[in-house]
Amino acid sequence: MTKTNDDYDAPAVERRWQEFWEEIGLFEANEDSPKPKFYLLEMFPYPSGDLHVGHMKNYFIGDVLNRYKMMRGYEVLHPIGWDSFGLPAENAAIQRGVSPTAWTEENIATSRETLKRAGVGYDWRREIAACRPDYYIWTQWLFLKLYERGLAYRASGPANFCPSCNTVLANEQVVEGACYRCDTPVERRHLKQWYFKITAYADRLLDDLELIEKNWPRHVITLQRNWIGRSEGLTVRFPVVGGGDRHFDVFTTRGDTLYGVTFMALAPEHPAIAELTEGLPTKSDIETFCREAVKKKEVDRAAAATEKAGVFTGRYARNPLSGDEIPIWVADYVLISYGEGAVMGVPAHDQRDFLFARKYDIPVVPVIRAVDGELADEREMTEAFEDYGVMESSGPYSGLTSEEGNARLAEDGPKGGWGRPAVNYHLHDWLISRQRYWGAPIPIVHCAACGEIAVPYEELPVLLPPEDEVDFTPAERSPLASCREFIETTCPKCGGPAERDADTMDTYVDSSWYFLRYCDARNADAPWKPARVNFWMPVDQYVGGDEHAVSHLLYARFFQKFLADVGLVRDVEPFPLFFNQGMVKARVPKADGSSSMEVMSKSKGNTVAAGPFIAEHGADVARVYITFAGPPGKDMEWTEEGVGGTARWLGRVWRLVDGNIEGVRASVDAASLSAAERDLYVATHRTLKRVTDDLERLHFNTCVAFLMEFVNRLYAFENRKSPAFGYALHHLIKMLAPFAPHMAEELWRRAGHGDTVFREKWEEYDAEATAAALVTVVIQVNGKVRGRVDVAAGASEEEVFAAASADANVARHLEGKAVAKKILVPDKIFNIICR
RNA sequence: GCCGAAGUGGCGGAAUUGGUAGACGCGCUAGAUUCAGGAUCUAGUGAAGGUUUACUUCGUGCGGGUUCGAGUCCCGCCUUCGGCACCA
């Protein structure tokens with residue numbers, strides 16, 4: 001492997017400066033600073049213990065900004081902590097009999113050490129860990145706040161259960177029907193669980209996306225919009241024929257197709273099925289169908305999506321508008337979890353209903369025609385007509401457009417008592433209880449006499465019981481449930497015997513408010529002091545992965561809105577500016593000798609461990625390579641060759657600057673420079689401008705490229721004793737600082753400075769120098785490049801034309817032709833159109 | 001199926017608003033230096049043609065279009081990668 005330089009022992013130099021920075025408290029953020037604040041945050045990491053270089057990208061992007069913003073004069077809050085509850089610690093306890101606390105703290109220590117060796121600058125005084133009582137006391141405190149407002153509740157309902165993790169999951173944690181963590185297909189189970197009422201904020205979570213839309217990646221905004229999935233329509237009531245006042249509600253976005261309803265379909269899980277079929281000879285068949293349908297969904301969801309199956313219940317409902325009697329079916333394509341768990345079947349205008357109706361010989365009745373067409377003949381239909389159009393055969397609504405009809409129906413429904421406008425969401429309430437040990441206990445007590453009672457605030461935290469008293473053997477209930485010392489308590493209300501809730505909270509609860517805790521991390525009396533949160537918040541730059549687009553980023557927004565409502569925070573959005581960094585890929589060899597680039601992960605065996613890499617090559621190599629290899633927002637490829645190239649370049653920088661260190665100077669007399677020196681001076685300021693502009697745009701890869709270009713230019717510059725050269729080196733050190741902080745700091749010190757370069761001001765570029773007096777204008781003839789001329793900046797069309805005509809090649813192309821038109825883009829391009 | 005992102009040399013990638021396509025790096029080639037090197041320095045490197053110097057033609061997934069000028073804008077396709085997937 002390439003060494004940067006024989007004189008430069010990166011690991012030793014880096015260590016020295018890391019200790020120095022810690023000594024002088026370089027990264028400590030202070031609320032009483034006169035500087036403008038900048039809150040920079042990377043997503044709450046799980047302390048995995050063995051960080052690989054893929055993990056580091058996030059932190060390196062953050063730290064480039066951190067150091068740049070410091071040099072730009074900001075008081076930067078750049079904190080770190082650990083999202084340290086969660087299954088791996090508990091699994092370690094099960095598999096190896098180790099203590100989850102000890103195991104986690106050990107991993108935290110390793111992760112912390114790796115980040116420190118990587119030179120990432122954090123205010124370690126604010127370090128937090130979700131698994132420590134001084135943090136989770138406030139997670140519980142926030143649970144109680146939600147509970148007080150009716151936003152935390154326990155209810156029975158269908159839940160996603162992961163049989164491998166032995167716990168339920170939130171909808172957001174089910175990815176393509178499988179557990180997000182272990183990829184096991186989830187099962188639907190009817191269970192009593194704790195929820196946060198995020199749906200109460202659905203509209204605000206949706207509407208406020210407009211506030212952040214411009215400063216978030218578009219796809220993340222789209223994902224959130226789709227996930228919330230607001231849809232407007234009608235709830236229509238269909239009475240059961242001969243069923244007294246029994247009825248079914250259905251949700252539809254297509255009220256205009258109501259006269260085309262030819263059947264009704266209930267989800268197999270619909271609770272009213274049993275009662276509806278009571279006493280009918282078909283009852284047992286229907287029960288069998290429902291059982292099979294529910295099972296089928298679990299086993300094979302993909303197949304169920306194409307082939308629809310159903311069974312007729314033997315009962316009928318009445319269309320409240322047409323008065324028609326329509327058969328009630330149970331159909332496997334109807335979802336219990338959306339709308340009312342029942343749909344009106346309009347085969348003529350809904351493709352799913354159409355397929356279902358054709359399969360079971362249910363009539364198809366078209367009631368919408370295309371605006372410029374005719375009503376379809378049901379016998380000739382091969383698919384549903386799903387577009388809006390004009391209503392026909394629809395009683396008093398015939399002749400209205402779909403839009404008009406829907407508006408009228410929304411008014412008439414409540415008047416006629418058969419329907420009402422309704423809004424449905426794809427978003428469901430957030431299921432937050434987990435049947436696991438390693439999480440924050442839910443601070444609720446169940447009392448036989450008083451029912452569900454909140455643990456009083458002054459009794460928080462509800463501590464996890466000591467690990468040696470808990471049986472971690474996987475079961476379908478929380479390990480806490482079998483720990484008598486934990487469960488048995490007294491009712492805070494009546495004082496009688498009572499039981500604690502045995503479940504713990506989803507770890508996403510922990511990460512929904514951690515960014516607030518950093519503002520006041522050591523507060524023992526409250527989760528935070530509002531003044532402190534209001535000083536630092538909102539987060540000025542959030543950096544993280546888009547895998548959390550509809551989980552953490554949605555939950556945290558929900559928490560922030562709730563906290564704003566109860567006056568604990570000021571801002572309604574926590575992260576007005578979110579940057580989504582790409583992943584690090586590395587080669588995975590295949591059996592046939594070829595290979596592919598895949599995201600670095602332990603399971604693929606293509607990781608490069610961060611600690612050992614840094615110990616061998618130094619952190620600066622890793623930092624510069626990761627920032628240079630590609631735009632920060634896109635995936636990048638980690639290769640040995642790339643690492644070598646970066647190491648080589650840092651060696652070039654070192655030899656160049658250190659070899660001429662005595663000439664480094666902060667200023668130069670611009671007036672006394674020779675032409676060549678003047679050119680170097682201009683190049684220095686042009687580089688400074690380009691690097692500065694691209695730092696602001698987060699285009700770090702091009703910043704490094706510009707620095708490389710600059711270094712190449714400096715190598716080509718012969719007079720190394722020139723003040724212009726020393727001046728260029730001074731600027732190079734400063735521009736290098738955000739990217740290779742250790743080397744820059746070492747060079748800064750060797751150049752004779754006492755303090756850290758990170759307390760120096762970022763240099764301002766000389767606008768006069770960057771706007772050069774002479775510019776190169778490209779000459780085109782009929783749109784093709786035929787030459788280039790150097791002219792004075794701002795040269796007129798006549799001047800450029802005169803210069804262009806003097807160019808032999810241009811003249812050749814103009815020869816014998818008449819100039820028809822001249823287009824000049826000042827200082828850039830001159831296009832001569834001729835015939 | 002729906003939504004989103006992206007297709008540029010051998011490779012990773014540059015190119016604010018339409019204005020020199022291929023910056024920078026890797027790799028490769030040649031030379032210098034060195035006891036030697038996978039170290040260092042210098043030069044070259046999109047393709048084709050060319051009196052190998054001028055220079056010319058082609059070239060940013062494909063086909064059209066707008067424009068003096070298109071990687072960039074518009075229309076229609078193709079491919080790849082993500083996300084959601086019976087949402088009524």
Side-chain angles (χ1 to χ4, degrees), chain A residues 1-3 5-6 175-177 217-223 225-227 229-231 233 250-254 257 265 297 301-302 304-308 331-335 337-346 349-353 355-356 424-426 546-547 549-550 585 597 625 628-631 634-646 648-649 651-652 655 690 693-694 697 699 701-712 715-716 776-788 808-809 812 820-825 827-834:
Chain A
M1 182 48 59
T2 324
K3 273 183 103 177
N5 201 64
D6 293 339
V175 179
E176 290 185 29
R218 204 207 322 238
H219 72 279
V220 175
I221 297 283
T222 308
L223 282 173
R225 277 214 174 100
N226 293 344
W227 189 261
R230 184 187 154 100
S231 88
V250 302
F251 174 73
T252 179
T253 54
R254 292 301 301 272
T257 64
K297 272 187 187 174
R301 296 162 66 96
T306 49
E307 188 61 23
K308 300 177 195 332
D332 64 356
Y333 73 93
V334 181
L335 304 177
S337 56
Y338 188 77
E340 306 292 340
V343 301
M344 57 185 214
V346 189
H349 303 295
D350 182 285
Q351 186 60 19
R352 294 156 303 177
D353 297 345
L355 292 173
F356 189 79
N424 252 290
Y425 301 91
H426 174 256
D546 62 356
E547 69 273 18
V550 291
K585 294 178 168 184
M597 277 293 180
Y625 178 48
F628 174 64
K634 287 215 232 152
D635 289 353
M636 59 152 287
E637 296 180 359
W638 180 278
T639 61
E640 282 289 321
E641 295 78 16
V643 171
T646 305
R648 204 143 59 220
W649 181 69
R652 247 166 101 73
R655 287 188 299 275
R690 294 204 289 176
D693 288 350
D694 278 6
R697 296 196 299 158
H699 288 203
N701 52 326
T702 50
C703 292
V704 176
F706 298 148
L707 291 176
M708 288 175 167
E709 216 176 332
F710 188 48
V711 167
N712 290 344
Y715 265 87
T776 301
V777 173
V778 172
I779 309 300
Q780 297 183 333
V781 178
N782 288 339
K784 287 188 192 293
V785 178
R786 299 301 179 192
R788 27 187 77 79
N809 197 41
R812 198 159 64 76
K821 196 173 172 186
K822 289 178 270 197
I823 295 144
L824 177 70
V825 179
D827 299 348
K828 269 194 177 162
I829 205 159
F830 183 57
N831 193 2
I832 305 166
I833 313 301
C834 59

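Note on naming: letters A, B, ... go to the chains in the order of the sequence lines (proteins, then strands), and numbering restarts at 1 for each one.
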Protein N or O to nucleotides 18-22 of chain B N or O, pairs below 3.5 Å:
| from | atom 1 | to | atom 2 | distance (Å) |
| --- | --- | --- | --- | --- |
| B/U20 | O2 | A/R788 | NE | 3.4 |
| B/U20 | O2 | A/R788 | NH2 | 2.6 |

Show each protein N/O and nucleotides 47-49 of chain B N/O combination with a separation under 3.5 Å, one pair to a line.
none

Point to revise | Contacts of A/W649 that satisfy ring-ring contact (aromatic ring centres under 6.0 Å, His included) - sequence neighbours left out | key: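 Counting only residues at least two positions away or on another chain, A/W649 forms no ring-ring contact (aromatic ring centres under 6.0 Å, His included).
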**Study point:** Syn/anti state of B/G59 by chi, 90° boundary around 0
**Key:**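 Base orientation relative to the sugar is anti.
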Review point. Syn or anti for B/A54, with syn set at within 90° of 0?
Key: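 Syn, angle within 90° of zero.
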Check your understanding: Hey, is A/R697 close enough to A/D694 for a salt bridge, meaning N to O under 4.0 Å?
Key ->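 Salt bridge between A/R697 and A/D694, a charged N being under 4.0 Å from a carboxylate O: yes.
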Given the [atom1] atoms of [N] and [M], what is the spacing between them in whole Å?
| N | M | atom1 | result |
| --- | --- | --- | --- |
| B/G7 | B/G71 | P | 14 Å |
| B/A36 | B/A48 | C1' | 42 Å |
| B/C78 | B/A23 | P | 34 Å |

Point to revise | Stems where RNA chain B pairs, listed by first number, each of three or more Watson-Crick or G-U pairs under 3.5 Å | key: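 RNA chain B forms these stems: B:1-7 with B:78-84, B:10-12 with B:24-26, B:27-32 with B:40-45, B:46-49 with B:55-58, B:61-65 with B:73-77.
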Closest to the [X] side chain, choosing from [options]:
| X | options | value |
| --- | --- | --- |
| A/M708 | B/C86, B/C84, B/G25 | B/G25 |
| A/S231 | B/C24, B/A88, B/C41 | B/A88 |
| A/T222 | B/A88, B/C87, B/G4 | B/G4 |
| A/Y715 | B/G83, B/A14, B/U42 | B/U42 |
| A/H219 | B/U40, B/G4, B/C24 | B/G4 |

Please write out the pairs of protein N or O atoms and N or O atoms of nucleotides 10-13 of chain B separated by less than 3.5 Å, giving the distance to one decimal.
| from | atom 1 | to | atom 2 | distance (Å) |
| --- | --- | --- | --- | --- |
| B/G12 | O2' | A/A629 | O | 3.1 |

Exercise for review: Indicate, yes or no, whether a donor-acceptor pair under 3.5 Å links the base of B/C68 to the side chain of A/K822.
Suggested key: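 Counting by modelled atom types and ignoring angles, no donor-acceptor contact under 3.5 Å is found here.
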Point to revise | Heavy-atom donor-acceptor pair, A/R652 side-chain to B/U40 base, under 3.5 Å | key: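 A donor-acceptor contact between them is absent.
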Review point. Just how far, in rounded Å, is P of B/C86 from CZ of A/R352?
Key: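 Distance, rounded to whole Å: 9 Å.
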So, is [X] close to the [N] phosphate, meaning a side-chain N or O under 4.0 Å from OP1 or OP2?
| X | N | answer |
| --- | --- | --- |
| A/R786 | B/U56 | yes |
| A/R225 | B/C84 | no |
| A/N226 | B/C87 | no |

Check your understanding: Do A/Y625 and A/V704 come close enough that some side-chain heavy atom pair is under 4.5 Å?
Key ->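 No, too far: nothing below the 4.5 Å cut-off.
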Would you tabulate the pairs of protein nitrogen or oxygen atoms and nucleotide nitrogen or oxygen atoms of nucleotides 27-33 of chain B closer than 3.5 angstrom?
| from | atom 1 | to | atom 2 | distance (Å) |
| --- | --- | --- | --- | --- |
| B/G27 | OP2 | A/R648 | NH2 | 3.1 |

